[in-house]
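When a ligand or atom number is given, it counts from 1 through the structure's own listing order.
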Amino acid sequence: MCFLAQLLFLSLTGATSLPRPDGPYSVGFSQYIISHITPNDPTPGPGNALLAHIYYPTRDTNDSSPVLYMDPKSAIVWGDALDLPRGLLGKLRTDLHGNASFLDAPTGHPTILFSPAAGFNAWMYYGLLANLASHGYTILAIDHPGEPPVVRWPNGTDIIGLSIDVDFTTTLTREVHEFRVTDLAAALAWFPMFVRERSAPFDTSTFLALGHSIGGSASITFTPDHEQVRAAVNLDGGFSQHQTVITDVGRPVFLMSSINHTIQGDPSWAEFQDHQTGWWENIAIYGSGHLDYCDIAMWNEALGLAPLVQEQFGPVGGLRTTQIARKYVGDFFSWVEGRGKGVINSPSLKWREAVYVNGSEFANGHTNE
Ligand SMILES: *[C@@H]1O[C@H](CO)[C@@H](O)[C@H](O)[C@H]1NC(C)=O
Ligand SMILES: *[C@@H]1O[C@H](CO)[C@@H](O)[C@H](O)[C@H]1NC(C)=O
Ligand SMILES: *[C@@H]1O[C@H](CO)[C@@H](O)[C@H](O)[C@H]1NC(C)=O
Ligand SMILES: *[C@@H]1O[C@H](CO)[C@@H](O)[C@H](O)[C@H]1NC(C)=O
Ligand SMILES: *[C@@H]1O[C@H](CO)[C@@H](O)[C@H](O)[C@H]1NC(C)=O
């Protein structure tokens with residue numbers, strides 16, 4: 001199909017939704033500002049606040065407050081970067097319910113803290129995060145205003161951040177990693193008071209940490225210093241620039257990697273794994289690229305366009321990678337909560353792209369075979 005025909009097709013079908021959450025709950029969404037000073041903030045942001053995005057289970061089904069997938073300014077910046085016609089990304093829709101009512105009682109699941117990739121916004125993980133919320137988790141995802149190209153405050157004011165093609169030098173990466181770890185700690189400290197003030201049914205005593213790329217590395221560095229964080233997940237983040245590599249988490253750690261992310265290609269993963277005394281496991285998604293773990297690779301598909309072909313996107317595609325990440329991150333969290341059998345315990349034709357790479361059970365000589 002030529003491009004104009006695709007656009008015509010799109011305008012006829014209105015096929016602009018990202019994959020719907022598949023759990024039993026609807027998903028509520030709210031944003032709040034967390035006061036938090038970042039000393040020597042290397043970004044153009046104000047350095048005095050974070051933007052929290054909260055995804056949570058709800059029974060509301062009314063569409064009175066539909067939530068745009070991305071703000072108009074981000075739609076322009078990202079559309080230009082990806083050579084998409086102006087305004088097209090602004091058509092993407094979510095199934096989120098803005099400021100929806102809380103459930104009457106807690107679901108019994110921990111709260112998940114989430115940190116995105118460098119220069120990315122928390123909303124770029126809707127495919128995974130809204131899905132976790134539809135299964136009963138509350139997700140507290142954190143944006144550091146000034147780091148992504150655009151962050152929109154709840155009052156509609158935009159903070160213009162680092163350029164979309166900024167060079168993440170070793171120094172900048174180290175600085176970003178450092179503030180990501182303290183941002184997670186600030187969100188963790190802020191949350192209980194917030195929940196008390198609103199009588200929200202959210203868990204304030206047990207947490208899970210999750211992140212992509214630098215956010216995955218930051219989640220892991222953050223975890224051992226906070227007793228209430230029970231486990232951490234790193235989606236394809238390298239550890240080379242920072243102290244994560246020698247961090248013994250001492251709690252379950254799940255590593256998901258794109259096919260090129262091997263211990264040969266990134267020795268920081270081998271060094272990190274050698275430092276673990278607790279349970280850890282690494283699975284790779286065969287055919288996935290680094291950016292398939294966020295929503296970007298699904299944008300084109302949702303808009304009815306041909307897939308993006310770039311080095312960081314793999315042949316398996318963003319939609320499939322997101323389905324696989326939903327499945328295994330979900331299984332891992334269930335297992336940490338004492339349900340289910342763990343991550344990969346038997347070969348599965350349905351999830352055949354997911355490959356067991358290594359883990360504490362294997363490294364210590366106990367295999368499931
Ligand atoms: C939630 O309510 C606040 C205050 O009324 C409003 O500014 C905000 O846009 C709403 N958020 C969503 C996601 O609907
Ligand atoms: C949705 O409907 C419920 C009642 O069914 C109401 O309490 C709630 O305020 C509504 N939510 C929004 C965002 O309008
Ligand atoms: C919007 O909110 C931000 C963050 O709280 C604040 O710094 C800014 O002054 C507000 N802008 C307006 C026009 O109220
Ligand atoms: C698995 O990880 C352990 C610990 O890092 C390492 O010693 C071992 O060589 C790894 N095995 C494989 C097959 O990669
Ligand atoms: C994996 O690495 C090879 C060699 O550098 C590269 O050509 C390929 O595009 C990469 N694949 C992905 C999915 O990033």
Any N or O of S30 that comes nearer than 3.5 Å to an N or O of ligand 1?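 Not met; the criterion fails.
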
By number and element, which atoms of ligand 1 are closer than 4.0 Å to a non-hydrogen atom of G98?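 Counting atoms of ligand 1 from 1, those under 4.0 Å from G98 are 12 (C), 13 (C), 14 (O).
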
Does a sphere of radius 6.0 Å around CZ in R198 hold more than 12 heavy atoms from other residues, nucleotides or ligands, not counting ones at 6.0 Å or beyond?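 Atom CZ in R198 is crowded, with more than 12 foreign heavy atoms closer than 6.0 Å.
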
Determine, using the 4.5 Å side-chain heavy-atom cutoff (strictly less than), whether M256 and V355 are members of one ILVMFWY cluster.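 No: no chain of side-chain contacts under 4.5 Å links M256 to V355.
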
Ligand 4-proximal atoms of W280, by part, heavy-atom distance under 4.0 Å: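 Only the side chain of W280 comes within reach of ligand 4.
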
Relative to ligand 4, is D274 under 4.0 angstrom through side chain, backbone, both or neither, heavy atoms considered?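 It is both parts that get close, each with some atom under 4.0 Å.
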
Ligand 3: protein N/O within less than 3.5 Å of ligand N/O:
{"unit_1": "ligand 3", "atom_1": "2 (O)", "unit_2": "N155", "atom_2": "OD1", "d": "3.4"}
{"unit_1": "ligand 3", "atom_1": "2 (O)", "unit_2": "N155", "atom_2": "ND2", "d": "2.3"}
{"unit_1": "ligand 3", "atom_1": "11 (N)", "unit_2": "N155", "atom_2": "ND2", "d": "2.9"}
{"unit_1": "ligand 3", "atom_1": "11 (N)", "unit_2": "T157", "atom_2": "OG1", "d": "3.2"}
{"unit_1": "ligand 3", "atom_1": "14 (O)", "unit_2": "N155", "atom_2": "ND2", "d": "3.3"}

Verify whether the ring centers belonging to [X] and [Y] lie closer than 6.0 Å.
X    : Y    : answer
W78  : F120 : yes
H261 : W269 : yes
Y125 : H212 : yes
W279 : F332 : yes
F102 : F202 : yes

Atoms in ligand 4 flagged as close to Q273, the criterion being non-hydrogen separation under 4.0 Å: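 Numbered from 1, ligand 4 contributes 5 (O).
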
Spacing of CD belonging to E175 relative to CZ belonging to R180, to within rounding of 0.5 Å: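 E175 CD to R180 CZ: 13.5 Å, rounded to 0.5 Å.
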
